Amino acid sequence: MTLATLTKPWAAFSYGFLDASAKREMRRKMLKAIAVPGCQMPYASREVPMARGWGTGGLQVTLTLLKPSSSVKVIDQGADDSVNAASIRSFLSKVSGAAETWDTQAATLIQSRHRIPEERLRADQVLVLQVPNPEPLRPVEPNMSVARQMHADADYGRLWLILYEQMVRSGRIMEGAAYPALVNRRHVMTPSPIPRWDVPKLHMAEHLTFLSAGREKRLYAVPPFTQVEPLVFSDVPYQVEDHGALRCHRSGVTGYYMNEIPQDNGGSVFELSDSNLGIKAIRRAEGAQVEIGPTWYENGKMPQ
Amino acid sequence: MTAALALLAPHLMTTPPLLTLQGVSRRYGDVVALEDVSAAVYPGEVLGIVGESGSGKSTLLRMMNLEDTPDAGDYRLALPDLPGNLFVLDRFARRMLCATRIGIVYQNPHLGLLMKHTSSGNVAERLLIAGERSFAALRGRARDALEASEFPLNRMDARPFELSGGMQQRVQLAKAIALEPALLLLDEPTTGLDVSVQALVLDTLKRLQRDRAITMVIVSHDLGVIRTMADRVIVMRRGRVVEQGLADQIFQDPQHDYTQQLVHAKL
Ligand SMILES: Nc1ncnc2c1ncn2[C@@H]1O[C@H](COP(=O)(O)OP(=O)(O)O)[C@@H](O)[C@H]1O
Ligand SMILES: [Mg+2]
């Protein structure tokens, strides 16, 4: 008898790059984050084979949620084919056996920087947003422990004060990306640096969203069917970027968030920021059988 | 000692006090900041608190503003929807109560103001905390409060650090009265200002008091200020109340040695 006959054949102890204890730490904090929507949970951020600041926070959440039967989509500014998105996606697939996809409809897990796809996410999908700076109070309170106390007290007067002063100075609210929003009527969060266009998509959404910052070691969540209300004055309506009437010069589609592409002649053309939606629209126009899911915006407007 | 009722102005004897403090003591390590202090403030009156530096005046005012909790004591405000002893309130309830029902002006404007935000914004923040969400209303109400404090409206969007000391106190005052509080606390509001500016700020306070019948507690080590403002006076020394009574009575016929020294030093 040899030792080999007494032992099981070698098999990977875990998958998804992180070891079991790292995943357990993440899971605990993710459950806490779901339990208190919008509240930042500190977590032990692990080393992953990527530099901090390139989405390591999102990556750790994704790695924890990932399983071999997942279909994973990764986008950077809406594009599946950027170098970052492509290498994160292939890494995720390599360490877990999960399928890679560009199709929002087919994905079970979507990691994103700067955008939420235009097609509505469903209850069986999870969105993971990479966040560089999770603290909405940073502009008003540089001391992070004071800021935490302010969250505990729901003391958001100074955050409102910034909006008041923007109105006084320029007659409109200047916050672009990362527009602060009140979650579940309790905690104000920074909804990652997504454009104003995307913030209403989080309100009462069917899907679960995690937002995670690797460098700052904090994550927070918007569970399904949770209220997400951008901070706005009752007499100054929330305005999304004025993209509703723009036309994508490649797919001809209108009514979605566009990237502006400067031209040699000094003008510019527009292109769908959600590149997979553009690809699907073009293929469908060419006669292929392509399914485009229902989108959050219809004719450039978010139905209430 | 005269009976407590005899110390009141006649028109005050009929109404119950707005504010009642009883047996308040506070130590900081070995320092006795307050020792068994009791006080009452009646609706519409101005209570002056005098005493040398370190006698516990600011500590007492901080208690009234629920910024600190004493080792022992009871604090009540005769306002709707409040529990008995306010010192049992949690942080959250304290903050709401202070923001909406109590206004305070500190000697040091850095304590009361966000120096890098606009003056109108400092006032608006108060309204925002209380839940005002209309920009037009915020703007209008901030302007009204600044105007009532006799702050020059063409500077309403200047930042306090660009303003003079007197102006800064007016911004604090506007912030304090923006929500029409039941109680206005003033901790040495004019100390450190030029005499002429001081007189103007006191004028504003007197006018506000007359027009709105705000109940005020004003702390000062300057008897002149107390004499101009207060209906009734509490004299403090080493954390204790050594004498209290009607302002005229205290100034003309001080009973306690310490008060006599204070008054005579002044006169
Ligand atoms: N937070 C604190 N920590 C320690 N000692 C304090 C604190 N606040 C006040 N004191 C002490 O309590 C005493 C009364 O202070 P204070 O109320 O500021 O007096 P006043 O305003 O009459 O000058 C002083 O001896 C002061 O040093
Ligand atoms: Mg003092």
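Worth saying up front: this structure is predicted, and the values here are computed from it rather than measured. In what follows, chains carry the letters A, B, and so on, assigned in the order in which the sequence lines appear, proteins first and then strands, with residues in each chain numbered from 1.
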Give every donor-acceptor pair under 3.5 Å between a side-chain atom in residues 107-115 of chain B and any protein atom, sequence neighbours left out.
residue, atom, partner, partner atom, Å
B/Asn108, OD1, B/His110, N, 2.9

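Contact tally against chain A (heavy-atom pairs below 4.5 Å) for B/Ala99, B/Ala137, B/Ala124, B/Ala130: the top residue is B/Ala124.
Separation of atoms CZ (A/Arg158) and CG (B/Asn122) is listed at 10.0 Å; rounding is to 0.5 Å. Note that CZ of B/Arg133 and CG of A/Leu231 are 8.0 Å apart. Values are rounded to the nearest 0.5 Å. Of the inter-residue distances, the one linking B/Ile129 atom CD1 with A/Trp160 atom CH2 reads 12.5 Å to the nearest 0.5 angstrom. Rounding to the nearest 0.5 angstrom, the gap separating the OH atom in A/Tyr156 from the CD atom in B/Glu125 is 14.0 Å. Separation of atoms CE (A/Met167) and CZ (B/Arg139) is listed at 9.5 Å; rounding is to 0.5 Å.
A/Phe233 is listed as a side-chain neighbour of B/Leu128, based on a closest heavy-atom distance under 4.5 Å.
Within a 6.0 Å radius of CG in B/Asp211, more than 12 heavy atoms belonging to other residues, nucleotides or ligands are found. Counted within 6.0 Å of CH2 on A/Trp296, heavy atoms from surrounding residues, nucleotides or ligands total more than 12; the atom is thus considered enclosed. Residue A/Arg186 places its CZ atom among more than 12 non-hydrogen atoms of other residues, nucleotides or ligands, all under 6.0 Å distant. B/Glu162 CD: more than 12 foreign heavy atoms inside a 6.0 Å radius. More than 12 non-hydrogen atoms from other residues, nucleotides or ligands lie less than 6.0 angstrom from CZ of B/Arg207. Few gaps surround CG on B/Asp90; more than 12 heavy atoms of other groups in view lie less than 6.0 Å from it.
Proximity to chain B (any heavy atom under 4.5 Å) is shown, for A/Val168, by both the backbone and the side chain. Of the atoms belonging to B/Phe135, heavy atoms from both backbone and side chain fall under 4.5 Å from chain A.
For the residue pair A/Tyr164/B/Ser120, the side-chain donor-acceptor check at 3.5 Å is satisfied.
Listed for the A/Asp235 side chain is no donor-acceptor partner under 3.5 Å among the backbone atoms of B/Ser134. At distances below 3.5 Å, at least one donor-acceptor pair connects side-chain atoms of B/Arg95 with backbone N or O atoms of A/Asp153. Although no hydrogens or angles enter the test, the distance criterion places no donor-acceptor pair under 3.5 Å between the side chain of A/Glu165 and the main chain of B/Gly121.
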